[in-house]
Protein chains: 2
Amino acid sequence: MGRTRKRATKGATMAAVARRAGVSAMTVSNVINNKVSVQPGTREAVLKAIAELDYRPNAAARALASASTLRIGLLHRDQDSALLSAMLVGSLKAASRIGVQLIIQPYNPDTALEDILEFAESGLDGLLLPPPLCEQFSDSGLSARINIPVVAMAPGTSLPDIACVRIDDEAAAFALTSSLIVHGHRRIAFVLLPGTHVGKARLEGYRRALREAGIPEDPDLIWQARPTFSEGLVLAERKLGTAEKPVAQGPFTAIMAGNDDMAAAFVNVALRLGKRIPEDLSITGFDDTPIAIKIWPTLTTVRQPLAEIAEQATELLIAMLRNPSAQGPSAQGAVPRFVDYKLVERASVADVAPE
Amino acid sequence: MGRTRKRATKGATMAAVARRAGVSAMTVSNVINNKVSVQPGTREAVLKAIAELDYRPNAAARALASASTLRIGLLHRDQDSALLSAMLVGSLKAASRIGVQLIIQPYNPDTALEDILEFAESGLDGLLLPPPLCEQFSDSGLSARINIPVVAMAPGTSLPDIACVRIDDEAAAFALTSSLIVHGHRRIAFVLLPGTHVGKARLEGYRRALREAGIPEDPDLIWQARPTFSEGLVLAERKLGTAEKPVAQGPFTAIMAGNDDMAAAFVNVALRLGKRIPEDLSITGFDDTPIAIKIWPTLTTVRQPLAEIAEQATELLIAMLRNPSAQGPSAQGAVPRFVDYKLVERASVADVAPE
DNA sequence: CTGAAAGCGCTTACAG
DNA sequence: CTGAAAGCGCTTACAG
C-alpha cells in the first residue's frame, strides 16, 4: 500500500460507526454515553451500526479525551483471602476487559461504615461491596449519603437500597437441608448466623425443606453463633459435650454449620470426643473454602461462584455508570441479579444410622 | 479567565517538561522510553525537569498514541487463594498506579510449562510468575524460549535466568530455627520439601543455625514430604505413631514443618495421640496462611510480605519493559530484590520440657 | 436534537 | 542525536 502515516487500527472506530449510521461522531458518542437524549430513530440507526461493526469504544481514547478514567473501588478485609481472591479475579476480568480502573483498599471492621463513606468520596466513580460489608451498609441506611452507584456482591438477601448480584441463599439452604433429608436425617441441627441477612435467608430455606418433608421443626435444634472457627469450637463443645443432656425428642443426627470454618470446628470437637464422622454424625459447611478439603472427612458444603458474582457485579456497576438514567434512588435496588450456587457433596455426610 | 476551550490538566505534561528542559517533546519521550540513545547532557536536563515538575506520563495518552496498553500477565492456581489474593492486591496496586493492564489467568499444574509458554505468546508484554511456577520454569530451562521479560515472585532461591523479588528463605529458616534453640530445643526435626528451591534454602538456614549453636546435625531428623496437609498427615503418623521407635540420640522436642498446612497436620495427629502441644512438642509452620490461627494452638510461623513482593515485582517488570536495554539475557537474573520476612511467634512453641 | 472543530497527552514515522 | 508535524480515537464546549 506504499508508505502512509496512518497506523493500523484494530477494530471499528467511532467515525466508522458514524459513517455507517449516517450521523456525526458526536451523535454516536451521545448514544453510547446516554448524555443527552437522542431521537429514537437516530438512536436505532446508531445501535444497529454499532452491532454490525462490532464496535467497542477505545478505553484509552475515552480516558484521554475526558481527562479521566472510570475508577471503581472494591473494599476488602485482608483476612478473607479466599473471598478476596475470587472476587478480585472476577472483578479484574470485567474491569480490564472494559478498560476501567479497579482500585482496591482494605477496611477496618470496627470502622467499616466510615471507611466506606471515606472511600466513596476519594474520587471513585462507583463502589463494589463484598459481604458482610454490603449488608451492614444497607442496614445502616447510609446508602443515601453516598452519591455514586454501589453494587453489593453476594449479600444474603436482596437489599432494598443497593443493586446486587448474588446466589439464592434460601434455595441453597433448602437444597442442602433436603440432601440431608434424603440421607434419612430428620433431626437436623441448624446453626444460625445471628443478625445477618445470610442467616435469615438460610433459616428460611432450612424451614421450608423441613416443612415440605413433613418434619416438625424443633426450636432446640436452632443454635446461634458468630461465624468463626473459635465460636464454632465453643458451640460444639457445648452441644456435643456431655455437659448438656440430650434434647427431649432424641438426639440430632446432622448439623448444618454456619460455614466451613464452623463445620471444621464441629468435626474437630466431635472427633476429640470419640464420635465417628460421618457415621455417628453428619456435618455440613457452607462456602466451600479451602479448609473444606483440608480436613478429614472433607466437607459437604455449598459453593457460591464468587468470581462470577464479582464479574457480573462489576459489569452491572459499569453499566450503571454509563447509563445515569437508570441510577435513580433504589432504581436498581429492586432488581437483584442471580447466579447459580452449587451443592458440593463430599465425605462429611452419610445415611443416618439405623436405630 | 474567561471561557476557553482548554480543559484543566492535573499534572505536568510532556510539553511542559520539554519547555523547561529546553528540548522537544520527542526528546523527552526518548529519554523516558529509552528508545534511542540520547546525549548524556540532554538526558540529564530532561531528567532534572521531570523531577522538578514531578512529571508522570499519562497512561491513557500513551496507550492511545502507541495503539496499545502495556499488558502484563499473572498466572495463578485457583486453589492458592491466600497466595493469590495477596499477590493480586500488591500487583494491582502497582499496575493501576502506573496504568498498565493486569491480565490474570489460571493454569493447570499438570501442564504448567506449556501454559506459561502459551500465555506468554498471547500478546502479553511481560509475565509475573508466582511460586512454585517460577522455580519450575527456571529449572526447566524454558526461559530462553520466551521473548518477553519475566519476573519471579517469591522463589526460594535466586534464579539464574529470571529476575526476582523474594525474601531470604535461608535467613528466615535460620531465624525460625534459632528461635527454637533459644527455647532450649536441641533435637529439632526439619521437614524438607524435596526438589524445591525453598526446601534447599531453608535446609541451609536450619543447618547454619544448628552449626552456630554447636548442635550436631542428625540425618534422622531431616524428614521429607510434599507440601500438603494430607502428606503431612501421613508423615506425622509415621513419625509420631508408636510404629517407629525413638531415634538413637533421643526423641525430638520440636518439629519445623514445611508449611502451615503440614504443621496443622502434625498438630492434628499429635493431639489425637494424646500429646500436649506445645508442652510435649513444639511445632512451627511457614507462610502464615489463615489456617495458622484457625487451629489450636495457633502456629508460630514465618510470614512473607506477599503483597509487597508482588508490588515490587510488578514495578520491576514494568521498569524492564520501559527500559529494553536492561533486558539482556540474564541481565536481571543476577540481581534479586529482597524484602523482609517476619517471624511470627504464637502458641505452638514452648520451652523444652526439663528431663 | 445534531454537528464541526478543537483538544486530551502522548508516540510514530520521517527528515535533518 | 534531535525536532516539527501528524495522528491515536475519543469527548467537550459551543452553535445551530
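Reminder, nothing fancy here: chain letters follow the sequence lines and each chain counts from 1.
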Participant: Side-chain N or O of A:T13 versus OP1/OP2 of D:dC10: is the shortest distance under 4.0 Å?
Facilitator: no

Participant: Take the protein atom CZ of A:R19 and the nucleotide atom P of D:dC10, then report the distance between them rounded to whole Å.
Facilitator: 12 Å

Participant: Mind checking what makes side-chain contact (heavy atoms from CB on, under 4.5 Å) contact with B:S85, not counting sequence neighbours?
Facilitator: A:S81, A:L84, A:S85

Participant: Using side-chain hydrogen bond (donor to acceptor under 3.5 Å, both in side chains) as the criterion, list what pairs up with A:R71, not counting sequence neighbours.
Facilitator: none

Participant: Decide, yes or no, whether a salt bridge links B:K48 with B:E44 under the criterion of side-chain N to carboxylate O below 4.0 Å.
Facilitator: no

Participant: Check side-chain hydrogen bond (donor to acceptor under 3.5 Å, both in side chains) between A:R77 and all other residues, then give those that pass, not counting sequence neighbours.
Facilitator: A:Q79

Participant: Take B:R166 and B:V339 through the side chain to side chain contact (heavy atoms under 4.5 Å, CB included) test and state the conclusion after the steps.
Facilitator: CA-CA 6 Å; B:R166 65 186 192 93; B:V339 298; over 6 Å; no

Participant: Measure CG/B:N58 against C1'/D:dC10 and give the value in whole Å, please.
Facilitator: 13 Å

Participant: Without decimals, in angstroms, what is the distance between A:Y55 OH and D:dG9 P?
Facilitator: 10 Å

Participant: Have a look at B:C134 and tell me which of B:P131, B:P130, B:P132 forms a side-chain contact (heavy atoms from CB on, under 4.5 Å) with it.
Facilitator: B:P131

Participant: Passes side chain to side chain contact (heavy atoms under 4.5 Å, CB included), B:H76 versus A:V89? Steps please.
Facilitator: CA-CA 10 Å; B:H76 68 91; A:V89 166; 4.3 Å; yes

Participant: Would you kindly give the CG-to-P distance between B:L53 and C:dG9, to the nearest whole Å?
Facilitator: 13 Å

Participant: Specify the residues of residues 20-31 of chain A, ordered by number, for which at least one heavy atom lies under 4.0 angstrom from an atom of DNA chain C.
Facilitator: A:V23, A:S24, A:M26, A:T27

Participant: Determine whether A:L102 and B:L102 satisfy the following criterion, side chain to side chain contact (heavy atoms under 4.5 Å, CB included), listing intermediate values before the conclusion.
Facilitator: CA-CA 10 Å; A:L102 182 64; B:L102 182 63; over 6 Å; no

Participant: Which of these nucleotides, C:dG9, C:dC10, D:dC10, is closest to any side-chain atom of A:M14?
Facilitator: D:dC10

Participant: Within this structure, what is the CG-to-C1' distance between A:L64 and C:dC8, rounded to whole angstrom?
Facilitator: 4 Å

Participant: Identify which nucleotide among C:dT2, C:dT11, D:dC10 has an atom closest to any side-chain atom of A:Q39, counting heavy atoms from C-beta outward.
Facilitator: C:dT2

Participant: For B:S140, check side-chain hydrogen bond (donor to acceptor under 3.5 Å, both in side chains) against everything at least two apart and list the hits.
Facilitator: none

Participant: Given atom CD1 of B:I50 and atom C1' of C:dC10, what is their separation to the nearest angstrom?
Facilitator: 13 Å

Participant: Output the rounded distance in Å from CZ (A:R62) to P (C:dG9).
Facilitator: 18 Å

Participant: What stems show up for DNA chain C when you take Watson-Crick pairs (N1-N3 plus N6-O4 or O6-N4) and G-U wobbles (N1-O2, O6-N3), both under 3.5 Å, and require three or more consecutive pairs?
Facilitator: C:1-3 with D:14-16, C:5-12 with D:5-12, C:14-16 with D:1-3

